[in-house]
Amino acid sequence: MMRILTLVLCLTLAVAHGRAQSVSLPALRTNLLLPLLNVGAEEPIGNRWSVGADVYWPWIFRSSNHKNCFQAFGIALEGRYWLGANRSSEKRLLGHSIGAFAMSGYYDWERNYSGYQGDFVMGGIDYLYALPVVIFKQRMHLELSVGVGYFYSKSTHYQVFEDGGKGYRDKDFRKIFQYFGPLKAGVALVYPLK
C-alpha cells in the first residue's frame, strides 16, 4: 500500500509541475502541531488549484526497555481549490480554500509491554485559511486548517514479556477500527520558494 501511495505521490507532483505556469510559487511547509515531525510541499496549478503532499514520521518515544512507544509513519496527498476574486500570482496559496485529502501509513503503539501494530487509511475534506506573515525578514505564510472524513485501521495486538524482549503477536486477535468525524487540524508554517 505504501509503495502505491508513494508512486501516486510522485506522479501527482510530476504532473502538477509540468502543468504549472512559470510564475508558480511552490512552497514547503511543516505543521507546527507536530514540530519537526513532518514536512510537506504544495505546487500551484494555475491561479485557483494546487496539489500537495506531506510526510509524517512521529517515530519517537520508544524507551530502551521496550515498555512504551509511540511510532507512526504516514504519507498524505491533497488537492485544493482556492476561493476569492483576486488570484494574482502574488496571492497564490493565500486566503480561503477547500480541499480533499487522503493519507495512508502504519503505526506501533505500546504501553506497559502491550501494544498494537497496524496500518491505516483515511480521507476527507478540509477547509484552510492562509495568511502572509513576516518572520526573519522573509515572507512566509501561516496556514490554519481543519478537516473531517473517514478513518480505517486494521491492527494486531502483541505483548512483550521482559525489558528489551521480543514482541509476541496474538495470532487470533485482529482489531478493526472505523471512524467518521474530525480527522485533521493544522497550524502550518509555509515557505514559498521563489
Side-chain angles (χ1 to χ4, degrees), residues 4-58 72-105 120-153 178-194:
I4 293 171
L5 191 58
T6 303
L7 179 62
V8 169
L9 165 68
C10 293
L11 290 174
T12 303
L13 291 177
V15 168
H17 185 69
R19 290 184 180 174
Q21 299 174 4
S22 61
V23 294
S24 69
L25 299 174
L28 299 177
R29 67 181 171 212
T30 186
N31 189 342
L32 300 176
L33 298 179
L34 294 170
L36 303 176
L37 300 176
N38 83 306
V39 67
E42 188 161 10
E43 175 75 30
I45 303 174
N47 288 332
R48 295 222 174 253
W49 294 92
S50 67
V51 294
D54 293 278
V55 177
Y56 296 88
W57 65 89
F73 177 81
I75 295 177
L77 301 173
E78 70 177 359
R80 186 161 299 288
Y81 180 78
W82 294 86
L83 307 169
N86 184 4
R87 300 300 323 156
S88 64
S89 62
E90 297 82 28
K91 302 223 180 225
R92 288 188 183 161
L93 304 181
L94 287 172
H96 301 273
S97 69
I98 54 173
F101 65 91
M103 184 174 183
S104 179
F120 67 90
V121 293
M122 67 181 189
I125 57 172
D126 68 352
Y127 165 79
L128 181 142
Y129 180 72
L131 63 145
V133 294
V134 177
I135 299 175
F136 305 116
K137 298 183 181 179
Q138 296 288 329
R139 185 174 165 211
M140 302 179 99
H141 302 167
L142 185 67
E143 291 181 346
L144 308 170
S145 64
V146 293
V148 297
Y150 174 73
F151 179 89
Y152 175 86
S153 172
Q178 299 181 65
Y179 167 79
F180 181 82
L183 280 181
K184 185 177 176 184
V187 178
L189 189 60
V190 180
Y191 180 71
L193 303 174
K194 309 258 174 158

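Both backbone and side-chain heavy atoms feed into the values below; hydrogens, waters and symmetry mates do not.
- For the atom pair OH (Tyr81) and CG (Leu128), the distance works out to 15.0 Å, reported to the nearest 0.5 Å.
- Nearest heavy-atom pair, Phe101 versus Gly147, reported as atom, atom and distance to 0.1 Å: CE2-CA, 4.5 Å.
- The ring pair (Phe, Tyr, Trp, His ring centres under 6.0 Å) test with Phe120 is passed by exactly one of Phe151, Phe73, Tyr152: Phe151.
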* **side-chain contact (heavy atoms from CB on, under 4.5 Å) between Leu28 and Leu193, intermediate numbers included** => CA-CA 7 Å; Leu28 299 177; Leu193 303 174; 4.3 Å; yes

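- Across every non-hydrogen atom of Ser50 and Glu42, the tightest pair is OG-OE2, 2.5 Å.
- The two atoms that bring Val146 and Asp126 nearest to each other are O-CB, 3.1 Å, heavy atoms only.
- Here the CD1-CZ distance, from Ile125 to Arg80, works out to 11.0 Å after rounding to the nearest 0.5 Å.
- In this structure, the side chains of Tyr150 and Val121 stay at 4.5 Å or more apart for every pair of heavy atoms.
- Partners of Phe180 under the ring-ring contact (aromatic ring centres under 6.0 Å, His included) rule, at least two apart in sequence or in another chain, do not exist in this structure.
- Side-chain contact between His141 and Pro192 is present, with at least one heavy-atom pair separated by less than 4.5 Å.
- Taking both residues in full, the closest heavy atoms of Glu143 and Ala130 are given as CG-CB, 3.8 Å, listed atom of the first, atom of the second, then distance.
- Ring planes of Tyr129 and His96: tilted class, angle from 30 to 60°.
- Around CG of Leu33, the count of heavy atoms belonging to other residues, nucleotides or ligands within 6.0 Å exceeds 12.
- Shortest non-hydrogen contact noted between Leu94 and Trp82 is O-CE3, 3.5 Å.
- Remark: Asn38 engages Thr30, Asn31, Leu34, Asp54, Tyr56 in a side-chain contact (heavy atoms from CB on, under 4.5 Å) (not counting sequence neighbours).
- To the nearest 0.5 Å, atoms OG (Ser145) and OH (Tyr127) are separated by 10.5 Å.
- The minimum heavy-atom distance between Arg29 and Ala41, with the atom names listed, is NH2-O, 4.1 Å.
- Listed for the Arg92 side chain is a donor-acceptor partner under 3.5 Å among the backbone atoms of Gly46.
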